[in-house]
Engineer: 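Pasting a structure here, questions to come.
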Amino acid sequence: MKIRVGHLYPDYLNIYADRGNIAVLARRAAWRGNELEVEAIGMNDPVEVGAHDLYYVGGGQDREQALVARDLAGKGGLVEAVEAGAAVLAVCGGYQLLGRFYRERSGAELPGVGLFPLQTIAGERRMIGDVLLDCELVPGQRRTLAGFENHAGRTYLDEGAEPLGRVLAGFGNDGESGSEGCRAGRVIGTYLHGPLLPRNPWLADWLLGQALAHRTGEPPQLEPLEDELEGDAHAVSAGRARSRGGRF
Ligand code: GLN
């Protein structure tokens with residue numbers, strides 16, 4: 001089956017090799033006989049409801065976020081596409097812009113899409129380093145997520161909003177709450193770069209399952225893969241995170 005991906009602003013929001021996440025999705029889809037079809041969605045490009053099964057947006061410096069924020073917030077279609085069942089993976093700067101707003105250190109406020117029940121305010125000191133999370137996207141299936149964070153933004157989730165995971169090591173959303181990222185149904189936002197998916201194949205498969213569910217109704221049982229190398233990469237990243245704890 002063809003899995004249609006809308007890659008938002010690949011030319012502006014792509015730090016820490018975030019586009020590597022697309023490569024992992026493409027390879028893991030192909031290993032199960034599915035094909036990933038990726039379409040770039042840039043400035044002034046519309047978001048057509050139903051045209052994509054999964055949207056992806058990477059991270060970026062404040063400067064790049066400022067260049068795309070108004071176009072993204074004004075795009076329309078993304079909220080409707082999600083309401084119609086499309087999945088989303090948003091990383092760091094992209095994650096911030098899917099909330100209500102991102103307030104830079106200068107005080108300038110970048111408008112957000114309002115897809116996530118949260119807002120972000122940049123602080124003085126950057127939160128940098130390896131991160132390890134405890135996640136439970138599927139009830140009863142606890143998994144760890146390992147990655148790297150580098151952000152000035154402090155993200156505050158609304159009361160009752162669901163984080164992606166609990167911080168075992170690192171700063172996460174705000175360096176205090178112990179929560180990281182946000183999850184709203186098939187929509188995932190996180191500060192974890194790395195890129196994220198090569199060392200967390202379970203999340204790549206979860207996203208592929210959600211994207212396929214957008215087409216078929218139900219997430220299919222994807223054939224398990226060996227993932228030896230991925231497991232080693234996860235262990236190394238998790239080990240680094242544990243050794244740092246989470247201090248400035
Ligand atoms: N510019 C944002 C911040 O500093 C996001 C950074 C990023 O994407 N790594 O918080």
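If you read the sequence from its start, that first residue is 1, and numbering goes on from there. Every number for a ligand or one of its atoms is a count from 1 in the order of the listing.
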Engineer: Scan the side chains in residues 82-92 for donor-acceptor partners under 3.5 Å anywhere in the protein, sequence neighbours excluded, and list what turns up.
Structural biologist:
none

Engineer: Quick one: ring pair (Phe, Tyr, Trp, His ring centres under 6.0 Å) pairs with a partner in residues 51-96, sequence neighbours left out?
Structural biologist: H7-Y56, H52-Y55, Y95-F116, Y95-Y191
Engineer: Return each pair, listed once, that meets salt bridge (Lys or Arg N to Asp or Glu O under 4.0 Å) where at least one residue sits in residues 198-208; pairs must be two or more places apart or across chains.
Structural biologist: R28-D205, R32-D205
Engineer: Looking at D130 and R240, is there a salt bridge between them, counting it only when a charged N and a carboxylate O are closer than 4.0 Å?
Structural biologist: yes
Engineer: Just do the side chain to side chain contact (heavy atoms under 4.5 Å, CB included) check on D45 and L8 with the steps written out, would you?
Structural biologist: CA-CA 9 Å; D45 291 340; L8 294 158; over 6 Å; no
Engineer: Using heavy atoms and a cut-off under 4.0 Å, could you grab the residues that are in contact with ligand 1, chain by chain, numbers ascending?
Structural biologist: I15, G59, G60, Q61, D62, Q65, C92, G93, Q96, Y102, R126, N150, H151, A152, G153, H193
Engineer: Do E124 and R105 meet the salt-bridge criterion of a basic N to acidic O distance under 4.0 Å?
Structural biologist: yes
